[in-house]
Amino acid sequence: MKKGIIFDLDGVIVDTAKYHYLAWRKLANRLGFEFSQKQNELFKGVSRKRCMDILLEMGNVTATQEQKEAWMIEKNDDYLAFIEEMDDSEILPDVPKMLHFLKDNTIPIALGSASKNAKPILEKVGLLSYFDAIVDGNNVTKAKPDPEVFLLAAEKLGVEATNCIVFEDAVAGIEAANAANMMSIGIGEKEVLSEATFIFKDFTEISINFMNDLIQLEKKD
Ligand code: B16
Ligand code: MG
């Protein structure tokens, strides 16, 4: 039974949330209101379009679709300026160890991210070549918690959905993986990601023994 592994990007492979925060905060300030790190938590794993709407609700700002499009371009340009400066030092701890383990065991690897900037980010940090398939915000019509992104990733890998294992840091992502009937591994806080099949603070907590068991496990309903 062939297994496949699907990684989320922001919060799992790299911490780009801090750059999203700085770019959204700049836009909020320009529109005349504050935007806190705590508020930014609500943006994790959420599509750019939805983030824009939430931001405007926070600031009590109404805008036309055209205006929103222009602000999203502005925010994304600021975000891309941060991405331009990224290098491999921004890869989260023990992610390369995990990718090497999977490669050594010939387990296919996919990315399943809401970001439309996923490929350039993986390229900047030097991890693009590890991925056999990339599904990101450019390929899906429905955002997480809809399972579309992960189902498409499984299809691209040629692995049955029930044999895929998803690493995710956002509640919506865990819900999406569960809805796709995949095993979900939460990376983050237990209290937040309680719906995940397994939860770890980060990859340093995940042992090779655990991974060996995982890639041989049958998913139970
Ligand atoms: P972009 P993930 C998500 O990445 C981020 O967590 C979320 O904050 C962001 O709004 C979304 O990507 C879209 O990103 O503006 O680059 O298209 O966690 O799904 O990898
Ligand atoms: Mg994420």
Side-chain angles (χ1 to χ4, degrees), residues 5-28 35-58 68-84 86 90-92 95 109-125 127-128 131 133-153 166-177 179-180 184-189 192-193 195-196 199-203:
I5 303 282
I6 307 173
F7 289 88
D8 172 52
L9 180 64
D10 175 28
V12 171
I13 291 180
V14 285
D15 174 23
T16 38
K18 59 186 182 217
Y19 300 134
H20 281 296
Y21 169 61
L22 292 173
W24 283 124
R25 189 181 66 180
K26 189 175 164 196
L27 179 63
F35 177 60
S36 68
Q37 294 231 22
K38 200 172 164 223
Q39 286 172 310
N40 190 58
E41 287 301 307
L42 297 173
F43 284 30
K44 290 188 176 173
V46 176
S47 72
R48 193 184 311 168
K49 209 162 155 277
R50 181 79 194 111
C51 290
M52 181 77 250
D53 287 335
I54 302 173
L55 190 83
L56 295 181
E57 274 168 38
M58 286 169 174
K68 284 198 266 184
E69 298 290 343
W71 286 335
M72 279 193 281
I73 291 174
E74 201 179 304
K75 181 266 167 182
N76 196 51
D77 286 346
D78 286 332
Y79 177 67
L80 288 178
F82 291 115
I83 299 309
E84 198 47 48
M86 285 181 86
E90 300 216 31
I91 301 170
L92 290 172
V95 167
I109 305 171
L111 191 84
S113 165
S115 176
K116 292 187 170 176
N117 299 302
K119 253 192 194 159
I121 293 170
L122 285 179
E123 213 157 27
K124 286 299 287 183
V125 301
L127 293 180
L128 187 59
F131 289 82
I134 302 227
V135 181
D136 64 17
N138 299 296
N139 312 114
V140 293
T141 53
K142 293 174 230 130
K144 301 170 189 174
D146 190 281
E148 184 185 14
V149 62
F150 296 138
L151 290 173
L152 203 55
V166 175
F167 287 94
E168 250 291 352
D169 72 312
V171 176
I174 296 292
E175 287 171 359
S184 54
I185 306 203
I187 300 293
E189 302 300 326
V192 182
L193 304 173
E195 297 296 310
I199 309 161
F200 298 95
K201 215 167 175 332
D202 58 35
F203 283 101

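Whatever order the structure lists them in is the order used to number ligands and atoms, beginning at 1.
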> Taking 4.0 Å as the limit for heavy-atom contacts, which would you say applies to Val12 with ligand 1: side chain only, backbone only, both, or neither?
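None of Val12 does.
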> How many angstroms lie between CG in Asp146 and OG1 in Thr141, if you round to the nearest 0.5 Å?
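One finds 7.0 Å between CG of Asp146 and OG1 of Thr141.
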> For residues Lys201 and Glu189, determine if any side-chain heavy atom of one lies less than 4.5 Å from a side-chain heavy atom of the other.
yes
> Counting C-beta onward and ignoring hydrogens, is there a side-chain heavy-atom pair between Glu168 and Ile187 closer than 4.5 Å?
no
> Out of all atoms in ligand 1, which are within 4.0 Å of some heavy atom of Lys144? Include the element for each.
19 (O)
> With rounding to the nearest 0.5 angstrom, report the CG to NZ distance, Leu55 to Lys75.
10.0 Å
> Give the contacting part of Ser113 toward ligand 1: side chain, backbone, both or neither, where contact means a heavy-atom distance below 4.0 Å.
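Contact part for Ser113 vs ligand 1: both backbone and side chain.
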> Is the closest N or O pair between Arg48 and ligand 1 shorter than 3.5 Å?
yes
> On the 0 to 90° scale, with breaks at 30° and 60°, tag the Phe7-Phe131 ring pair as parallel, tilted or perpendicular.
perpendicular
> Mind checking whether Gly112 has an N or O less than 3.5 Å away from an N or O of ligand 1?
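Not met; the criterion fails.
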> Need the ligand 1 atom indices (1-based, order shown) with element for anything under 4.0 Å from a heavy-atom of Val46.
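This gives 7 (C), 9 (C), 10 (O), 11 (C), 13 (C) as the contact atoms.
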> To make sure I understand the geometry: which N, O or S atom in Asp169 is closest to the Mg ion (ligand 2)?
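This residue's closest N, O or S atom turns out to be OD1.
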> Using heavy-atom distances only, which candidate in Ala17, Ser115, Ala176, Ala118 approaches atom 12 (O) of ligand 1 most closely?
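Nearest heavy atom to atom 12 (O) of ligand 1 lies in Ser115.
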> So, is Asn117 polar-close to ligand 1, with some N/O to N/O distance under 3.5 Å?
yes
> Hey, what's the angle at the Mg ion (ligand 2) spanning O (Asp10) and OD2 (Asp8), nearest 10 degrees?
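With the Mg ion (ligand 2) as the vertex, O (Asp10) and OD2 (Asp8) sit 90° apart.
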> Between Glu74 and Lys26, is any pair of side-chain heavy atoms under 4.5 Å apart?
no
> If you have a sec, work out which protein heavy atom is nearest atom 19 (O) of ligand 1 and how many Å separate them, to one decimal?
Ala114 N, 2.7 Å
> In terms of residue, atom name and distance, what is the protein heavy atom nearest to atom 2 (P) of ligand 1?
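Ranking protein heavy atoms by distance from atom 2 (P) of ligand 1, first comes Asp8 OD1, 3.0 Å.
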> What protein heavy atom sits nearest atom 5 (C) of ligand 1, and how far off is it?
Asp10 OD2, 3.3 Å
> Which ligand 1 atoms does Leu9 reach within 4.0 Å, using its non-hydrogen atoms?
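In order of numbering, the contacting atoms are 20 (O).
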> Write out the residue and atom name of the closest protein heavy atom to atom 8 (O) of ligand 1, then the distance separating them to 0.1 Å.
Phe43 O, 2.8 Å
> If you measure from each non-hydrogen atom of Lys116 to ligand 1, which part falls under 4.0 Å: side chain, backbone, both or neither?
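Both backbone and side chain of Lys116 come within 4.0 Å of ligand 1.
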> For the aromatic rings, using the six-membered ring if either is Trp, is the centroid distance between Phe43 and His20 under 6.0 Å?
no
> Check the angle between the aromatic planes of Phe203 and Phe167 and answer parallel, tilted or perpendicular using the 30° and 60° thresholds.
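Plane angle between 30° and 60°, so tilted.
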> Strictly distance-based, threshold 3.5 Å: is any side-chain N or O of Lys124 a donor or acceptor partner for the main-chain N or O of Glu84?
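Looks like yes, one N/O pair under 3.5 Å.
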> Would you please determine whether Glu168 falls within less than 4.0 Å of ligand 1 on a heavy-atom basis?
no
> Heavy atoms, side chains only, cut-off 4.5 Å: are Asn76 and Arg48 in contact?
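Yes, close enough: below the 4.5 Å cut-off.
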> Taking Lys38's backbone N and O only, do any of them form a donor-acceptor pair with Glu41's side chain (distance below 3.5 Å, no angle check)?
no
> Got an N/O contact under 3.5 Å between Cys51 and ligand 1?
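Between Cys51 and ligand 1 (N or O atoms, distance only) the closest approach is not under 3.5 Å.
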